[in-house]
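Residue numbering restarts at 1 for every chain, and letters A, B, ... go by the order of the sequence lines. Atoms considered below: every heavy atom in the structure, side chains included; atoms not considered: hydrogens, waters and symmetry mates. Since we're looking at a predicted model, the values are computed, not measured.
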Number of protein chains: 2
Amino acid sequence: MYCTNVQYMDLTKAVVTFRNFYRKQKRLPSYQEVCDLFNYSSKTAAVYLVNKLIETDILEKDEKGKLLPKKLFHIPHLGIIKAGYPMPAEGSLGDSIDFYEYLLGMPGEMFSLTVSGDSMIEEGIHDGDIVIVERDSSPRNGDIVAACIDGEWTVKYFKNDNGHVGLYPANPSYPVLFPTESLMIGGVVVSVIRKYR
Amino acid sequence: MYCTNVQYMDLTKAVVTFRNFYRKQKRLPSYQEVCDLFNYSSKTAAVYLVNKLIETDILEKDEKGKLLPKKLFHIPHLGIIKAGYPMPAEGSLGDSIDFYEYLLGMPGEMFSLTVSGDSMIEEGIHDGDIVIVERDSSPRNGDIVAACIDGEWTVKYFKNDNGHVGLYPANPSYPVLFPTESLMIGGVVVSVIRKYR
DNA sequence: TCTTGCACTGTACGTTCGTACAGTATAAAG
DNA sequence: CTTTATACTGTACGAACGTACAGTGCAAGA
């Protein structure tokens, strides 16, 4: 239904307003604050709008009645796209990903590192990429680790060959590293992030 | 100072508790809820703890006195790590990144796609990676775009050579694509995300 | 032993919050 | 022309909220 009413408030605009508020305040607005945001003079108008957003699954209420963002920040995931030969438009949308949970929803302690160099380029870890590393993970064979070998830090594949531990590059023009003195595993690389803009 | 007091509450444990609450509720707890979380019987104890967290820059208060997470979810960024030959431990920490802002702090409409195939492998975009695409961006030469060429979707480099537009793969074993009928730019790839665990 | 600081308890108070309900202007539908 | 739905206004109320302040038990240091 298209509405020509001047009072008509587009839900998508409301979503943007809520998003911006949440981005700044890291919380959802109270009903009074919704009134301020949308120039309402009655809290009931705010209740009305919020209920619309709940109906569309953008917001939700917990068991205590507190408001929380359900899909406010979800990015629609449109499906699979070919990076080889083109494919018919897949997806049919519907699905969406909470990237905050996707990347950071892990229990352990994490840190990040900017990667310099190209020894892991065959693995798709390029110069300038950021790796998120989970501390304390005891690596399994094949894991990518951030490790300190003989006092120097590097990113490599971890391989434990019956107690004989080595750090393997993904780029064959670099040597395999075996510790002569010490090897400390800083953590396991759990994700790689690259930003273009 | 190390404290053997039974009542002693480690701030790092408090941070984890706050994080878990925020992860579930997408907001910070009220003072009453802090009491419930830490088994306090007085709200003043909650105020006391929150002030500690404010002093350590983990939380902050806005101009209205509302609580918000300052560095609660920041991942410490330890600096640059060599993926070639090892390098001395860089970093000296101190820095930290808010990955939520880092990845999603863009004004435009975004969607994501799972990449299939290896035509962009030289660019470090591998099979199974997720690309975040910003809609409506008019691509510049060299941008990676998600585009619909002659009715089929693909991820490629965009190049406009004096009106002669082509989609270029990063993998030379794939052909350059020129539209015979239609070309629709879905958007520009703004980031690539890969998850290992 | 006395003092000081820390980590709380217990109580009180004014403000803000979410909820509820009655009412209104407008537009679309029958 | 009447009915219905939409998008609000205005008012009221109890519960929850943040803040303040006086007081307590404990441990460390002088």
Side-chain angles (χ1 to χ4, degrees), chain A residues 1-22 24-70 72, chain B residues 1-22 24-70 72:
Chain A
M1 181 210 78
Y2 180 68
C3 183
T4 52
N5 191 341
V6 188
Q7 300 170 306
Y8 175 64
M9 169 55 69
D10 191 352
L11 267 195
T12 60
K13 285 185 186 173
V15 169
V16 171
T17 307
F18 270 79
R19 248 182 223 170
N20 288 341
F21 187 96
Y22 198 95
K24 277 190 192 121
Q25 308 295 130
K26 306 289 187 192
R27 60 176 176 88
L28 287 172
S30 69
Y31 286 107
Q32 184 55 59
E33 287 168 326
V34 172
C35 290
D36 299 344
L37 289 170
F38 294 93
N39 280 105
Y40 293 147
S41 57
S42 170
K43 267 203 278 187
T44 313
V47 173
Y48 189 88
L49 174 63
V50 165
N51 284 338
K52 288 260 155 222
L53 293 168
I54 291 171
E55 280 165 29
T56 49
D57 264 356
I58 291 159
L59 302 179
E60 67 179 325
K61 284 194 177 185
D62 65 10
E63 65 285 344
K64 277 188 201 158
K66 293 264 181 185
L67 221 52
L68 51 99
K70 192 172 184 182
L72 185 62
Chain B
M1 179 207 80
Y2 181 67
C3 182
T4 52
N5 190 340
V6 188
Q7 300 169 306
Y8 175 66
M9 169 53 70
D10 190 352
L11 267 195
T12 61
K13 283 184 187 173
V15 169
V16 171
T17 307
F18 270 78
R19 245 182 227 171
N20 288 341
F21 187 96
Y22 198 96
K24 275 189 194 124
Q25 308 295 129
K26 306 290 186 191
R27 62 176 174 88
L28 288 173
S30 69
Y31 287 107
Q32 184 55 59
E33 286 167 327
V34 173
C35 290
D36 300 343
L37 288 170
F38 294 93
N39 280 103
Y40 293 146
S41 57
S42 170
K43 267 203 277 186
T44 312
V47 173
Y48 189 87
L49 174 63
V50 166
N51 284 339
K52 288 258 155 227
L53 293 169
I54 290 171
E55 280 165 28
T56 49
D57 264 356
I58 291 159
L59 303 180
E60 67 179 326
K61 283 194 177 185
D62 65 9
E63 64 286 342
K64 278 186 201 159
K66 293 264 179 181
L67 222 51
L68 52 100
K70 193 173 183 181
L72 185 62

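Interatomic distance, B:Thr44 OG1 to B:Leu49 CG, rounded to the nearest 0.5 Å: 12.5 Å.
Counting to the nearest Å, the C1' atom of D:dT6 and the OH atom of A:Tyr40 are 12 Å from each other. Rounding to whole angstrom units, CG of residue B:Leu59 and C1' of D:dG18 are separated by 15 Å. The distance from atom CG of B:Leu28 to atom P of D:dG18 is 10 Å, rounded to the nearest whole Å. Atom CG in A:Asn51 sits roughly 12 Å away from atom C1' in C:dA20 (whole-Å rounding).
Put simply, the residue from B:Lys24, B:Lys26, B:Arg27 that forms a side chain to side chain contact (heavy atoms under 4.5 Å, CB included) with A:Asp62 is B:Arg27.
Within the structure, a side-chain polar atom (N or O) of B:Lys61 is placed less than 4.0 Å from OP1 or OP2 of D:dT19. When the side-chain nitrogen and oxygen atoms of A:Tyr48 are compared with OP1 and OP2 of D:dC8, none of them lie within a distance under 4.0 Å. Side-chain N/O atoms of A:Ser41 include one lying less than 4.0 angstrom from OP1 or OP2 on D:dG10.
Between A:Val47 and B:Ser42, the residue whose closest nucleotide on DNA chain C is further toward the 5' end is B:Ser42.
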Could you list the donor-acceptor pairs under 3.5 angstrom formed between side-chain atoms of residues 51-58 of chain B and any protein atom two or more places apart in sequence or on another chain?
unit_1, atom_1, unit_2, atom_2, d
B:Asn51, ND2, B:Val47, O, 3.3
B:Thr56, OG1, B:Lys52, O, 3.0
B:Thr56, OG1, B:Leu53, O, 3.2
B:Asp57, OD1, B:Lys70, NZ, 3.2

Would you tabulate the pairs of protein nitrogen or oxygen atoms and nucleotide nitrogen or oxygen atoms of nucleotides 21-24 of chain C closer than 3.5 angstrom?
unit_1, atom_1, unit_2, atom_2, d
C:dC21, N4, A:Thr44, OG1, 3.1

Which protein N or O atoms sit under 3.5 Å from an N or O of nucleotides 13-17 of chain C?
unit_1, atom_1, unit_2, atom_2, d
C:dC17, OP1, A:Ser30, OG, 3.2

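Here the side chains of B:Leu37 and B:Phe18 are not in contact, with every heavy-atom distance at 4.5 Å or above. The closest side-chain heavy-atom distance from A:Tyr22 to A:Leu28 is below 4.5 Å. B:Gln25 places a side-chain heavy atom less than 4.5 Å from the side chain of A:Leu68.
Not a single salt bridge (charged side-chain N to carboxylate O under 4.0 Å, His left out) links B:Asp36 to another residue, sequence neighbours left out. For B:Lys64, the side chain to side chain donor-acceptor pair (under 3.5 Å) test picks out A:Glu33, with sequence neighbours left out. Under the side chain to side chain donor-acceptor pair (under 3.5 Å) criterion, A:Glu60 pairs with no residue at all, not counting sequence neighbours.
Across all strands shown, A:Lys64 has no heavy atoms under 4.0 Å from either base or sugar-phosphate atoms.
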